[in-house]
Enquirer: 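If you scroll down you'll find the structure; I have some questions about it.
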Amino acid sequence: MALSGDRTAAAIDEVTVIDDVDGTYTAWLDELAADVVLVRPDFHLYGAGSGDDAGALVRGFLAGVRNGPCVRVGSSNV
């Protein structure tokens with residue numbers, strides 16, 4: 001997902017472009033001093049950085065998902 005002002009992301013088919021109608025996301029990115037963020041499926045922030053960091057954020061997240069510890073509900077990490 002990208003904000004409507006991001007021309008690079010808008011050129012990529014897999015990117016959904018949104019309008020930040022009230023400036024909420026722009027203000028949040030400014031506060032983080034970031035151009036990109038990766039938000040986990042549980043809505044926690046995984047990481048933030050410059051536009052050049054996007055690939056590294058995704059690769060790091062996917063590596064953690066693939067290689068992370070197995071967690072079972074009701075038991076300790078295995």
Side-chain angles (χ1 to χ4, degrees):
M1 192 174 311
L3 298 181
S4 59
D6 187 340
R7 303 271 185 252
T8 303
I12 301 170
D13 289 336
E14 295 84 14
V15 173
T16 301
V17 178
I18 62 168
D19 288 321
D20 186 12
V21 295
D22 64 359
T24 300
Y25 293 110
T26 301
W28 183 49
L29 289 169
D30 288 347
E31 183 179 318
L32 294 172
D35 298 316
V36 298
V37 293
L38 193 151
V39 180
R40 301 181 338 193
D42 60 0
F43 302 106
H44 288 269
L45 178 63
Y46 172 78
S50 72
D52 295 335
D53 297 328
L57 283 171
V58 171
R59 286 188 297 277
F61 176 76
L62 292 175
V65 169
R66 289 185 194 114
N67 304 321
C70 176
V71 178
R72 294 193 177 113
V73 175
S75 68
S76 62
N77 290 349
V78 179

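Since this is a predicted model, take the numbers as computed values, not measurements. Along the sequence shown, residues carry numbers from 1.
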Enquirer: Knowing that exactly one of Thr24, Asp30, Leu29 qualifies, which makes a side chain to side chain contact (heavy atoms under 4.5 Å, CB included) with Thr26?
Expert: Asp30
Enquirer: Locate the shortest heavy-atom distance separating Tyr46 from Phe61; write the atom from each residue and the value.
Expert: OH-N, 3.3 Å
Enquirer: Under a 4.5 Å side-chain heavy-atom rule over Ile, Leu, Val, Met, Phe, Trp and Tyr, are Val65 and Leu38 clustered together?
Expert: yes
Enquirer: Taking only distance into account, with no hydrogens and no angle test, what donor-acceptor pairs under 3.5 Å do side-chain atoms of residues 53-60 form with protein atoms, sequence neighbours excluded?
Expert:
| unit_1 | atom_1 | unit_2 | atom_2 | d |
| --- | --- | --- | --- | --- |
| Asp53 | OD2 | Ser50 | N | 2.8 |
| Asp53 | OD2 | Ser50 | OG | 3.3 |
| Arg59 | NH1 | Gly55 | O | 3.4 |

